Amino acid sequence: MSDATPRETIFSGIQPSGELHLGNYLGAIRNWVALQSSYRCFYCIVDYHAITQAFEPSEMARRVRDMAGDLIACGIDPAQSTLFVQSAVPEHTELAWVLASVTSYGELGRMTQFKDKSEKSPDNINAGLFTYPVLQAADILVYKATKVPVGEDQRQHLELAREIVRRFNTRFGDTFPEPEALYSSTPKILGLDGQAKMSKSLGNTISLREDDEAVWNKLRTAATDPARVRRTDAGDPDKCNVFSLHRFFTTEERQAEVRKGCTSASIGCIECKKWLLEGIKADLERIRARRAELLSKPDAIDEILADGARRARKVAAATMAVVRERLGLPRMPGPAG
Ligand code: ADP
């Protein structure tokens with residue numbers, strides 16, 4: 001893309017869950033990496049979202065840094081994208097308050113994610129959990145992002161963000177663009193059980209930080225085509241979760257070889273898994289090497305995040321200045337003059 005073409009703005013966030021797993025990597029982060037070259041990307045570690053559920057304060061800073069390290073190791077390039085932490089840019093929460101005033105109680109109560117989370121933690125149904133989608137809308141709108149790479153589970157929240165934009169613009173004048181979802185082409189990587197979505201909370205993941213031996217131990221026992229009981233049974237690759245992972249890590253020739261071997265029972269599941277391991281190892285080694293390089297420079301992650309926050313704040317502060325003006329708030333010199 002030539003420099004003369006203004007790039008569209010992307011915002012996407014991820015909670016500081018500690019470690020990325022193959023599901024996050026294949027479903028979201030690889031896409032983030034690919035988008036960097038054609039969009040102006042803001043990638044945010046959303047720690048203020050994370051505090052709406054039970055968490056351990058003494059671990060939070062480490063979780064944030066680990067997530068930043070993993071993202072960079074996976075290929076997020078801080079020179080190309082703005083990588084930062086949500087709580088370092090107070091305009092997110094400031095705008096969230098404003099947007100909360102054009103969001104109705106009824107709409108928030110209809111959010112299925114709020115209902116799900118409330119059911120899972122009945123003793124912690126806090127107001128932050130309820131207004132979570134408003135902060136999410138602010139995350140996006142404070143950068144006037146037009147594209148938001150998300151999973152299908154965020155469809156309802158994004159629709160609400162669009163409704164918030166329409167309402168704000170109608171009431172206070174054209175201020176925000178309506179953001180559009182960029183749905184992942186890989187919305188659902190199944191866990192090693194081959195049943196449920198790979199998810200940290202289900203314990204069915206392969207973490208990007210695991211060593212080769214740990215990865216193999218998990219792969220070895222991973223579910224395959226349930227109808228292939230004996231080594232001599234022919235398998236159906238299209239019903240096998242392990243085979244579905246080959247398409248991310250294995251050449252097309254090798255995939256064809258695996259398919260032929262499986263359907264004719266000339267190879268067993270263990271061979272298929274060994275070939276898959278080769279591909280996963282190559283990716284994980286690359287990620288590991290980048291992470292090690294990053295960690296060899298003390299403070300590198302903090303410096304990257306501080307620089308990202310500075311860049312993000314510049315944009316966010318300009319948006320908030322317009323928002324305050326639209327709301328007719330008095331202009332008062334702040335502490336910075
Ligand atoms: P987890 O369920 O492990 O806590 P998150 O909900 O934090 O993961 O997801 C972070 C990002 O990774 C989201 O964009 C989500 O859509 C994506 N993601 C998570 N798990 C998967 C999966 N199994 N398959 C595809 N994408 C996933």
Side-chain angles (χ1 to χ4, degrees), residues 10-36 39 41-56 59-60 63-64 66-71 73-76 81 83 85-86 111-114 116-117 120-121 129 132-133 135-136 139-140 145 147-158 161 179-210 215 218-219 222-223 241-249 280 283 287:
I10 276 189
F11 176 90
S12 205
I14 188 157
Q15 291 213 19
S17 57
E19 291 182 10
L20 287 175
H21 54 72
L22 278 189
N24 307 137
Y25 176 57
L26 302 174
I29 307 308
R30 278 192 355 167
N31 194 28
W32 284 18
V33 172
L35 293 166
Q36 297 184 105
Y39 291 89
C41 297
F42 290 87
Y43 292 137
C44 182
I45 300 171
V46 291
D47 51 351
Y48 272 157
H49 283 293
I51 65 169
T52 58
Q53 285 178 293
F55 73 104
E56 177 47 55
E59 289 175 4
M60 187 54 114
R63 276 167 49 186
V64 168
D66 282 355
M67 180 55 76
D70 273 359
L71 291 173
C74 284
I76 299 298
S81 301
L83 177 66
V85 182
Q86 189 182 30
M111 294 294 120
T112 53
Q113 203 171 82
F114 171 67
D116 289 349
K117 286 183 179 170
K120 275 188 199 140
S121 316
L129 205 56
Y132 190 110
L135 180 55
Q136 220 174 22
D139 296 337
I140 300 164
K147 294 280 189 317
V148 188
V150 281
E152 189 60 38
D153 58 340
Q154 295 300 318
R155 182 183 286 273
Q156 203 186 18
H157 287 180
L158 202 78
E180 280 173 31
L182 274 184
Y183 292 113
S184 166
S185 55
T186 316
K188 195 169 175 182
I189 302 293
L190 293 181
L192 297 168
D193 47 16
Q195 304 280 326
K197 187 169 164 172
M198 187 178 282
S199 173
K200 206 170 172 213
S201 57
L202 298 176
N204 60 1
T205 63
I206 290 181
S207 153
L208 299 189
R209 287 172 177 250
E210 272 167 312
V215 173
K218 286 186 170 177
L219 264 189
N241 187 40
V242 169
F243 185 77
S244 75
L245 290 173
H246 268 288
R247 83 185 151 100
F248 301 104
F249 297 105
I280 294 181
D283 257 29
I287 292 172

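Keep in mind the model is a prediction, meaning the values are calculated, not measured. Just follow the structure's listing: the first ligand is 1, and inside any ligand the first atom is 1. Along the sequence shown, residues carry numbers from 1.
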Is there any protein N/O under 3.5 Å from an N/O of ligand 1, and what does the full list of such pairs look like?
| from | atom 1 | to | atom 2 | distance (Å) |
| --- | --- | --- | --- | --- |
| ligand 1 | 2 (O) | Ser199 | OG | 2.9 |
| ligand 1 | 3 (O) | His21 | NE2 | 2.6 |
| ligand 1 | 3 (O) | Lys200 | N | 2.9 |
| ligand 1 | 8 (O) | Asn24 | ND2 | 3.2 |
| ligand 1 | 9 (O) | Asn24 | ND2 | 3.4 |
| ligand 1 | 12 (O) | Asn24 | ND2 | 3.2 |
| ligand 1 | 20 (N) | Met198 | O | 3.4 |
| ligand 1 | 23 (N) | Ile189 | O | 2.8 |
| ligand 1 | 23 (N) | Met198 | N | 3.3 |
| ligand 1 | 23 (N) | Met198 | O | 2.9 |
| ligand 1 | 24 (N) | Ile189 | N | 2.8 |
| ligand 1 | 26 (N) | Gly23 | O | 3.3 |

Do Ser207 and Thr205 pair up side chain to side chain, a donor and an acceptor below 3.5 Å, judged on atom types alone?
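No, because no side-chain N or O of Ser207 sits under 3.5 Å from a partner of the opposite role on Thr205.
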
With no hydrogens and no angle check, just 3.5 Å: does a side-chain donor-acceptor pair link Gln53 and Gln15?
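No, no side-chain donor-acceptor contact under 3.5 Å.
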
Please answer whether the main-chain N or O of [Y] pairs with a side-chain N or O of [X] as donor and acceptor at a distance below 3.5 Å.
X: Gln156; Y: Thr112; result: yes
X: Gln36; Y: Gly75; result: yes
X: Asn31; Y: Ser184; result: no

Where at least one partner belongs to residues 181-202, residue pairs that pass salt bridge (charged side-chain N to carboxylate O under 4.0 Å, His left out), sequence neighbours excluded:
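Counting only pairs at least two positions apart or across chains, no salt bridge (charged side-chain N to carboxylate O under 4.0 Å, His left out) contact touches residues 181-202.
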
